[in-house]
Colleague: 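First, the structure itself, so that you have it in front of you.
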Amino acid sequence: MENLFDKTDAAILAKKILEALIEPIYINGHVLYVSGSIGISLYPQNNGSIQNLLHCADTAMYKAKEKGRNNYQFYSSSLTETAHERVNLEEKLLHSLNNDEFLVYYQPQINSENGELTGIEALVRWNHKHIKIIPPSKFIAFAEETGFIVPLDQWVMRKALTQIVQWYKIGLDPGVLALNLSMKQLYREDFIPVLKTILKETECKPEWVSLEITENQIVMNANNVIDTLTQISELGIKIAIDDFGTGCTSFSDLKRLPVDTLKIDRTFIQDLHHNEDDDSIVRAVIVLSKSFNIDIIAKGVETEEQKSFLIENGCTNMQGYIYAKPMMAHKMEKMLNIKYHNTIDMNEK
Ligand code: C2E
Ligand code: CA
């Protein structure tokens, strides 16, 4: 844009572009949804040359992607530091899988009525030699972009399946293991054979596993992945829609997709009791899940207030810091088969 009166002019245009992009596109009987991530840099504030301006806008765009996409961000100098850090991490990430640098953490899912564990979610961590434990927020987006997510998810799958089989073998009951799955996996022709091989090699029963796919990824690709999801479901593996409420799944998709569980996104849980819209959304999702006969889990439950609201409204399955943070396998092992009564203090030790 030329002759900006104020930098908010750029924000207004960015908003308009995002609004225009969000309109569904109809192609050959398919409905496609597109979103955008916009980075904004300003002349002369963000350095003079065209190349630098583009570079700054690119850096700001990555910030927009990190913030969950479909938004815009202005460049600021602190972003350069983050960008350098990112490039550094990216190079290291590509060499990390062979060096055994990843860890799987586990977070319990609890039936809050009786305090019993119903399942655990596997959450990957990068155990970098010099930087220590790096959370997925720092590398999953990049792993998705480069395709590195495919070998990474398969590594996590093998590791976590081996672990729960070991627990079952020694008489512990970890319930159903939830694995996060990138849509990129579902598009691979070899995904079902790979899945079957991993189940066989680890001696894991399909009913011990649930695969979680985010609502945004499902909504955008429902037509293309329904066959693969059906095959997964026919194997006996459960399918969960993660971050439910943030996308716009249609009733017809909910009906035709083989979905066993909806996970209500943490953003709706965190303001329960303080934001009437969130209260209504959560109530509506609970009713929806019941009428479609789909299980429901609330994510990111942190307070007694949120927990009581959910129980009163019929959602008893929960995952969140109120019970336990994600933890290493040896710690999780000690916490299998115990009763959970808001044990946050226990996992701090
Ligand atoms: P997610 O699937 O939504 O996983 C739940 C995230 O919420 C985890 O973050 C967990 O630590 C955090 N969490 C759980 N309870 C609470 C709470 O009460 N309060 C707050 N503030 N946070 C809570 P984490 O481990 O950093 O993982 C972030 C995301 O990275 C995951 O979000 C998932 O989308 C992705 N991810 C993690 N592991 C994998 C993996 O192996 N493969 C793929 N494809 N994605 C993964
Ligand atoms: Ca998840």
Side-chain angles (χ1 to χ4, degrees), residues 65-69 93 96-97 101-110 112 119-127 133-161 163 176-188 191 198 209-218 238-247 259-272 296-307 310 317-328 331-332 340 342-344 347-348:
K65 285 192 181 195
E66 267 171 33
K67 293 232 160 194
R69 295 158 198 263
L93 188 62
S96 53
L97 203 55
E101 286 187 19
F102 288 93
L103 288 172
V104 180
Y105 274 37
Y106 299 90
Q107 187 180 29
Q109 296 170 341
I110 308 298
S112 50
I120 51 179
E121 177 170 5
L123 294 156
V124 72
R125 299 286 181 269
W126 182 11
N127 187 17
I133 306 284
I134 305 173
S137 55
K138 297 259 186 217
F139 61 88
I140 289 284
F142 168 72
E144 286 266 359
E145 265 168 47
T146 55
F148 178 75
I149 196 76
V150 173
L152 180 63
D153 274 356
Q154 289 181 8
W155 181 88
V156 172
M157 188 180 279
R158 209 176 277 276
K159 186 91 181 166
L161 260 54
Q163 181 63 76
V176 175
L177 170 78
L179 289 167
N180 292 288
L181 192 72
S182 158
M183 192 50 100
K184 284 228 161 85
Q185 302 276 7
L186 294 184
Y187 277 138
R188 291 178 64 88
F191 182 65
I198 297 180
V209 182
S210 168
L211 297 182
E212 300 192 344
I213 302 149
T214 62
E215 184 181 26
N216 279 317
Q217 293 203 343
I218 285 217
K238 295 184 177 51
I239 292 167
I241 304 190
D242 211 346
D243 302 345
F244 193 79
T246 56
V259 178
D260 301 277
T261 312
L262 299 181
K263 293 188 81 175
I264 314 179
D265 194 53
R266 189 172 72 85
T267 48
F268 302 114
I269 306 297
Q270 64 195 8
D271 283 335
L272 279 183
I296 188 155
I297 301 182
K299 286 184 8 176
V301 182
E302 293 183 355
T303 65
E304 195 55 49
E305 205 178 28
Q306 295 160 352
K307 180 178 152 188
L310 289 160
N317 284 333
M318 296 175 200
Q319 178 179 348
Y321 294 174
I322 190 167
Y323 288 114
K325 288 186 174 173
M327 62 192 99
M328 304 225 327
K331 227 169 168 188
M332 188 68 248
Y340 284 78
N342 303 1
T343 54
I344 185 70
N347 68 83
E348 295 292 344

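Just so you know, these numbers come straight off a predicted model, no measurement behind them. Counting starts at 1 for both ligands and their atoms, in listed order.
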Colleague: Atom 39 (C) of ligand 1: which of Asp265, Asp153, Val124 has the nearest heavy atom?
Modeller: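 Of the listed residues, Val124 has the closest heavy atom.
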Colleague: Measuring only between side-chain heavy atoms, which start at C-beta, is Phe148 closer than 4.5 Å to Asp153?
Modeller: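 Heavy-atom side-chain distance check fails, nothing below 4.5 Å.
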Colleague: For ligand 1, indicate whether the residue Lys263 contacts it via side chain, backbone, both or neither (heavy-atom separation under 4.0 Å).
Modeller: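 No part of Lys263 comes within reach of ligand 1.
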Colleague: Walk me through it: do Glu145 and Lys65 pass the test salt bridge (Lys or Arg N to Asp or Glu O under 4.0 Å)?
Modeller: CA-CA 11 Å; Glu145 265 168 47; Lys65 285 192 181 195; 3.6 Å; yes
Colleague: Report the part of Asn180 in contact with ligand 1, treating N, CA, C, O as backbone and CB onward as side chain, heavy atoms under 4.0 Å; options are side chain, backbone, both, neither.
Modeller: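 For Asn180, backbone and side-chain atoms both sit under 4.0 Å from ligand 1.
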Colleague: Going by a strict under-4.0 Å cutoff (protein heavy atoms only), does atom 6 (C) of ligand 1 have a neighbour on the protein?
Modeller: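 There is no protein heavy atom less than 4.0 Å from atom 6 (C) of ligand 1.
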Colleague: Is Val156 touching ligand 1 with its side chain, its backbone, both, or neither, if touching means heavy atoms under 4.0 Å apart?
Modeller: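 It is the side chain that gets close, since no backbone atom is under 4.0 Å.
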Colleague: Below 4.0 Å from any atom of ligand 1, is there a heavy atom belonging to Pro326?
Modeller: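 Pro326: in contact with ligand 1 (<4.0 Å).
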Colleague: Looking at Glu121, which atoms of ligand 1 are within less than 4.0 Å of one of its heavy atoms?
Modeller: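 Those of ligand 1 that fall under 4.0 Å from Glu121 are 2 (O), 4 (O).
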Colleague: Which residue in the set Met328, Gln163, Glu121 passes side-chain contact (heavy atoms from CB on, under 4.5 Å) when paired with Tyr106?
Modeller: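 The passing option is Gln163.
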Colleague: Between Glu212 and ligand 1, is there a nitrogen or oxygen pair with a distance under 3.5 Å?
Modeller: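 Glu212 vs ligand 1: no N/O contact under 3.5 Å.
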Colleague: So, for Val104 and Trp155, which heavy atoms are closest and what is the spacing to 0.1 Å?
Modeller: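 It is CG2-CZ3, 3.8 Å.
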Colleague: With heavy-atom distances below 4.5 Å as the criterion, would you say the side chains of Leu186 and Ile213 are in contact?
Modeller: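 The answer is yes; the side chains approach within 4.5 Å.
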Colleague: For atom 4 (O) of ligand 1, state which one of Leu123, Ile322, Thr303, Ile149 supplies the nearest heavy atom.
Modeller: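 That would be Leu123.
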Colleague: Do you know which two heavy atoms are closest between Leu177 and Ala122, and how far apart they sit?
Modeller: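 Residues Leu177 and Ala122, closest heavy atoms: CD1-CB, 4.1 Å.
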Colleague: Given Lys325, Glu144, Arg266, which has its nearest heavy atom closest to atom 21 (N) of ligand 1?
Modeller: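 Considering heavy atoms of Lys325, Glu144, Arg266, the nearest to atom 21 (N) of ligand 1 sits in Arg266.
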Colleague: Surrounding NZ of Lys184 (heavy atoms of other residues, nucleotides or ligands, distance under 6.0 Å), is the total greater than 12?
Modeller: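 Counting neighbours around NZ of Lys184, more than 12 heavy atoms of other residues, nucleotides or ligands fall under 6.0 Å, so yes.
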Colleague: Taking atom 9 (O) of ligand 1 as the reference point, report whether a protein heavy atom occurs under 4.0 Å from it.
Modeller: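 False for atom 9 (O) of ligand 1.
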Colleague: Mind checking whether Asp243 and Asn216 have side chains closer than 4.5 Å, heavy atoms only?
Modeller: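 Asp243 vs Asn216: side chains apart.
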Colleague: List ligand 1 atoms under 4.0 Å from Glu302, heavy atoms only on the residue side.
Modeller: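 Here the atoms of ligand 1 in question are 17 (C), 18 (O), 19 (N), 20 (C), 21 (N).
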Colleague: Against heavy atoms of Ile140, which atoms of ligand 1 measure under 4.0 Å?
Modeller: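 Counting atoms of ligand 1 from 1, those under 4.0 Å from Ile140 are 43 (C), 45 (N), 46 (C).
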Colleague: Is at least one protein non-hydrogen atom found at under 4.0 angstrom from atom 32 (O) of ligand 1?
Modeller: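 Not a single protein heavy atom is under 4.0 Å away.
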Colleague: What part of Thr214, side chain from CB on, backbone N/CA/C/O, both or neither, has a heavy atom under 4.0 Å from ligand 1?
Modeller: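 The answer is neither; Thr214 stays 4.0 Å or more away.
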Colleague: Side chains of Lys299 and Asp242, heavy atoms from C-beta outward: is any pair under 4.5 Å?
Modeller: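 With C-beta onward as the side chain, the pair touches.
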Colleague: For Ile269 and Gly300, which heavy atoms make the closest approach, and how far apart are they?
Modeller: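 Where Ile269 meets Gly300 most closely, the heavy atoms are CG2-O, 3.9 Å.
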Colleague: Does Gln270 have a heavy atom less than 4.0 Å from any atom of ligand 1?
Modeller: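 False for this residue.
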Colleague: Distance under 4.0 Å to a non-hydrogen atom of Gly320: what atoms of ligand 1 satisfy this?
Modeller: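 Every atom of ligand 1 under 4.0 Å from some heavy atom of Gly320: 15 (N), 18 (O).
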Colleague: I need the single residue from Asn317, Ile322, Ile110 that forms a side-chain contact (heavy atoms from CB on, under 4.5 Å) with Val301. Which is it?
Modeller: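 Testing Val301 for a side-chain contact (heavy atoms from CB on, under 4.5 Å) against Asn317, Ile322, Ile110 leaves exactly one candidate, Ile322.
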Colleague: For the pair Phe102 and Trp126, name the ring-plane relationship: parallel under 30°, tilted 30 to 60°, perpendicular over 60°.
Modeller: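 Answer is parallel, since the angle falls under 30°.
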Colleague: Can you name the N/O/S atom of Glu212 that is nearest the Ca ion (ligand 2)?
Modeller: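 Output for this pair reads OE1.
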Colleague: From the options Gln185, Gln107, Lys299, select the one whose nearest heavy atom is closest to atom 15 (N) of ligand 1.
Modeller: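 That would be Gln107.
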Colleague: Taking non-hydrogen atoms only, is Asp242 closer than 4.0 angstrom to ligand 1 via side chain, backbone, both or neither?
Modeller: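 Asp242 to ligand 1: side-chain contact only, backbone stays beyond 4.0 Å.
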Colleague: Please work out the angle at the Ca ion (ligand 2) defined by atom OD2 of Asp242 on one side and atom OD1 of Asn180 on the other, rounded to 10°.
Modeller: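 If I round to 10°, I get 90°.
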Colleague: So do the side chains of Gln154 and Arg158 get within less than 4.5 Å of each other, counting heavy atoms only?
Modeller: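 They are not in contact (no side-chain heavy atoms under 4.5 Å apart), so the answer is no.
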Colleague: For atom 24 (P) of ligand 1, what's the nearest protein heavy atom and its distance?
Modeller: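 Nearest protein contact, heavy atoms only, for atom 24 (P) of ligand 1 is Pro136 CG, 3.7 Å.
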Colleague: From Glu121, does some N, O or S atom reach closer than 3.0 Å to the Ca ion (ligand 2)?
Modeller: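 Yes, Glu121 qualifies, because one of its backbone or side-chain N, O or S atoms lies under 3.0 Å.
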Colleague: Could you identify the single nearest non-hydrogen protein atom to atom 12 (C) of ligand 1 and state the distance to 0.1 Å?
Modeller: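 Nearest protein contact, heavy atoms only, for atom 12 (C) of ligand 1 is Tyr321 OH, 4.4 Å.
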Colleague: Do the non-hydrogen side-chain atoms of Leu152 and Val124 ever get within less than 4.5 Å of each other?
Modeller: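 The answer is yes, as the side chains (C-beta and beyond) meet within the 4.5 Å cut-off.
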